[in-house]
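Here is the structure we will look at, set down as structure tokens.
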There are 2 protein chains.
Amino acid sequence: MRARIEDVAAAAGVSMKTVSRVFNREPNVREETRLRVEEAARQLRYRPNSSARSLAGRRSYLISLLYDNPSSNYIMEIIEGVLAACEQAHYGLTLRPVDFGRRGHVESVEGLVNQYRPDGLVLTPPLTDDLPLLRRLRELDVRYAGISAKRNNARIGATLDERAAVADMMAHVVALGHRRIAHITGHRSHGARAWRLAGYLDGLNQAGIEPDPALVIEGEFSFESGIAGARRLLDLDDPPTAIFGANDDTACGVIYEAAARGLAVPDQLSVFGFDDTPMSRQVWPSLSTIRQPSRDMGRIAARQLLDEISGHGAGGIVRLPYQLQIRHSTGPVPQRR
Amino acid sequence: MRARIEDVAAAAGVSMKTVSRVFNREPNVREETRLRVEEAARQLRYRPNSSARSLAGRRSYLISLLYDNPSSNYIMEIIEGVLAACEQAHYGLTLRPVDFGRRGHVESVEGLVNQYRPDGLVLTPPLTDDLPLLRRLRELDVRYAGISAKRNNARIGATLDERAAVADMMAHVVALGHRRIAHITGHRSHGARAWRLAGYLDGLNQAGIEPDPALVIEGEFSFESGIAGARRLLDLDDPPTAIFGANDDTACGVIYEAAARGLAVPDQLSVFGFDDTPMSRQVWPSLSTIRQPSRDMGRIAARQLLDEISGHGAGGIVRLPYQLQIRHSTGPVPQRR
DNA sequence: CTGTTAGCGCCTTCAA
DNA sequence: TTGAAGGCGCTAACAG
């Protein structure tokens, strides 16, 4: 049978409470006593029972990751990072896919909170900016860290300066001679849509290029919206020479449509995206894009959360560095004939 | 405050135990009583506290998914399925990335088992066929369900007839006139490698084509091994007219290399893969491949496991149907000149 | 078919 | 610095 705290206490000749103090790193234990308890625990191979701990201590030693699966890769990287942080803190992780935009999604999260009582949540986009959800979490007094949250939607978490990243990439494309640069936007419910659009406009502005509304097409962060957007853009009388897809899926849709039309990328059309998904390396031509350190963002957001839970936290939003990945889908602007 | 089982019992005018029966799907509850309890629970937004449940029930109400992340998409689909099954059974899920092949990975799983005491494990390839791991799990008396396990490596779980699937796809390609069909294999540690290779050989055999050893290249289920394999194959004096990549990543590597050489797919070379990842739809030309119902496999494997845990289980390995996805990367064999 | 009683193993509170 | 008693919310075992 497994040893219980009682057994350890008996073996060490102290009370249960003293063993509990040792295991929870509470003060007020004499060094000598501590050592005796630790030795007894080792001998008995004692492991605290986490259910009992949670039940009595009103903490679950569990955090939950909420996501709306925009992209498997992204989520898996976030998960990896969050797991790494959890491991260090001896915390467990539960997952909660949330169908953002479906009626009752807030209640679904409430169910999770009621059942597992996670000590905190990590929110990924677009849930980070889901106002009804955030309001309810505050009412329920559930703390959370946000990944890529808009201003004021999270007190702690991790983010990236997407706007500056896009502006940087725009400068690269402008340097290649492009002036008619189009953008297929992200979905309206995502905070990233606004940042990336703003970066696009910043880039034009810095290059002294007048924005052309015909070159901004509504998209939704999907491959299909990339195809549809590319069709409209390439059918224009004066089509763009470069297209910025709001994420890699969108950009791949553009490449697909270009290939379908026999348009050579990058010789006749430059394309770039955002996210640096594995696919961006595996399409032909490989995609120029912006690398987002998702794994680190997950790890840091989780750490901020765990620190706050344990009271160690200075808190705050940590801004991580991005990185341009210039590959083969961007090239010099084609010569006019 | 949150409702407890006591509150629900009071509201429904029954005892705590009856509420417990309803929530645990135990028999011996009159239908009318069950409905009354369910209604009361809904009104009070009652959710059983999982810590208390585990403590009293001497079960963790938790299963763990072990994976070695061959592909994010695959794992995320499996996770979705497993979560769906868990939800129904009011079970929680913990994840465990395992670095298969790294020393100490078995101990890492033991750590998981000791700490969380999951009531069972779901194993994904290649861990399903990791003999040292399986042996240890049996020693520890931890039950598990396997996904795509080789014969005898799991008693319960879900699988797919990969061999027949590949043979089917081969028949499709043969019908297009191809006779020099190459295969870039999967990694040796994966059971899928053998099945897919066998299906390839079956396909040749059924078409009366003598296998050519030069047309079978060692790969490892990666994009890079697809590129490397394609290079060797396309440099042959008598190159193949069709290449089967052991998975979609490999096949995409082949397409990439073909594009880099200016070889038109499918006009000059046909390519097909296995898995039906999202990428297979998003490359140009879109990839002919075999669809694997990963989500269902996760759901069913988890359900088999949960049934066994609760004693409801007839058990066994459920074989799921595959589906050919013929897209644009396979076409008639090029005319000889 | 339904209810009662006694813990599950730990932490909290309060006393020493 | 240490300990004793009570209870966290639920289920098992047994009783009706």
Side-chain angles (χ1 to χ4, degrees), chain A residues 1-38 40-41 44-62 90 92 113-117 119 309-310, chain B residues 1-38 40-41 44-62 89-92 114-117 119 309-311:
Chain A
M1 236 7 246
R2 220 155 55 117
R4 293 160 308 164
I5 197 170
E6 197 181 328
D7 307 322
V8 179
V14 296
S15 74
M16 280 165 53
K17 179 63 209 177
T18 299
V19 179
S20 168
R21 286 200 178 90
V22 170
F23 268 78
N24 293 302
R25 306 212 162 88
E26 282 173 36
N28 296 338
V29 180
R30 216 188 316 155
E31 188 57 21
E32 185 213 311
T33 316
R34 174 184 305 279
L35 291 175
R36 223 169 53 236
V37 169
E38 279 168 352
L44 295 169
R45 296 179 157 206
Y46 169 70
R47 293 292 205 116
N49 175 317
S50 43
S51 307
R53 235 154 86 96
S54 310
L55 182 59
R58 282 97 172 277
R59 289 220 254 163
S60 60
Y61 297 92
L62 213 60
H90 298 285
V113 168
N114 270 327
Q115 183 168 4
Y116 293 104
R117 318 274 155 119
D119 295 337
I309 289 170
S310 66
Chain B
M1 234 18 239
R2 281 155 184 149
R4 293 160 308 165
I5 196 171
E6 199 182 326
D7 306 323
V8 179
V14 297
S15 73
M16 277 164 57
K17 181 62 205 176
T18 299
V19 178
S20 169
R21 285 200 178 89
V22 170
F23 268 78
N24 293 300
R25 306 216 160 89
E26 283 172 35
N28 296 337
V29 180
R30 213 192 317 157
E31 188 55 23
E32 185 214 313
T33 315
R34 173 183 306 278
L35 291 175
R36 222 168 55 236
V37 169
E38 279 167 352
L44 295 169
R45 298 180 160 206
Y46 169 71
R47 291 296 194 126
N49 175 317
S50 35
S51 306
R53 237 154 82 94
S54 312
L55 182 59
R58 284 101 167 272
R59 300 209 248 160
S60 62
Y61 294 93
L62 213 60
H90 298 286
Y91 255 72
N114 267 324
Q115 184 169 1
Y116 293 104
R117 311 266 146 167
D119 295 336
I309 289 170
S310 66

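First the proteins, then the strands, lettered A, B, ... as listed; each starts at 1. What you see below is based on every heavy atom in this structure, not just the backbone, and it leaves out hydrogens, waters and symmetry mates.
- Backbone-only engagement by A/Thr33 is indicated by non-hydrogen atom pairs under 4.0 Å involving sugar-phosphate atoms exclusively.
- For C/dC8, the OP1/OP2 oxygens have no side-chain nitrogen or oxygen of A/Asn49 closer than 4.0 Å.
- Taking for each of A/Leu55 and A/Gly13 the nucleotide of DNA chain D with the nearest heavy atom, the 5'-most of the two is the partner of A/Gly13.
- Between A/Tyr46 and A/Phe23, the angle of the ring planes goes over 60°, which puts this pair in the perpendicular group of the 30/60° scheme.
- Considering only side-chain N and O atoms, B/Arg30 lies under 4.0 angstrom from the phosphate OP1 or OP2 of C/dT2.
- Summarising the geometry, the separation between CD1 on B/Ile5 and C1' on C/dT4 is reported as 14 Å, rounded to the nearest angstrom.
- In this structure, of D/dA4, C/dC11, D/dC10, it is D/dC10 that holds the atom nearest to the side chain of B/Met16.
- Using a 4.0 Å cut-off, no side-chain N or O of B/Ser51 falls inside it from OP1 or OP2 of D/dG9.
- In this structure, A/Tyr46 reaches the C/dC10 phosphate: one of its side-chain N or O atoms is under 4.0 Å from OP1 or OP2.
- OP1 or OP2 of D/dC8 has not a single side-chain nitrogen or oxygen of A/Arg58 nearer than 4.0 Å.
- At the phosphate of C/dG3, OP1 or OP2 sits under 4.0 Å from a side-chain N or O atom of B/Thr18.
- Contact annotation: the side chain of A/Lys17 approaches that of A/Glu26 to within less than 4.5 Å [non-hydrogen atoms, C-beta and beyond].
- Judged by distance alone, with hydrogens and angles left aside, A/Arg21 brings a side-chain donor or acceptor within reach of the base of D/dG3, the pair sitting under 3.5 Å.
- Look at A/Arg53 and you'll find a side-chain N or O under 4.0 angstrom from OP1 or OP2 of C/dC11.
- Counting any heavy atom pair closer than 4.0 Å across all strands shown, B/Pro27 reaches no nucleic acid atom.
- Taking only side-chain nitrogens and oxygens, B/Ser20 comes nearer than 4.0 Å to OP1 or OP2 of D/dT11.
- With hydrogens and angles ignored, the 3.5 Å screen pairs no side-chain donor or acceptor of B/Ser20 with any backbone N or O of B/Met16.
- For D/dT2, the OP1/OP2 oxygens have no side-chain nitrogen or oxygen of A/Asn28 closer than 4.0 Å.
- Side-chain atoms of A/Tyr116 come within 3.5 Å of backbone N or O of B/Gly92 as a donor-acceptor pair.
- Looking at every heavy atom in both residues, A/Asn28 comes nearest to A/Arg21 through O-CD, 4.0 Å.
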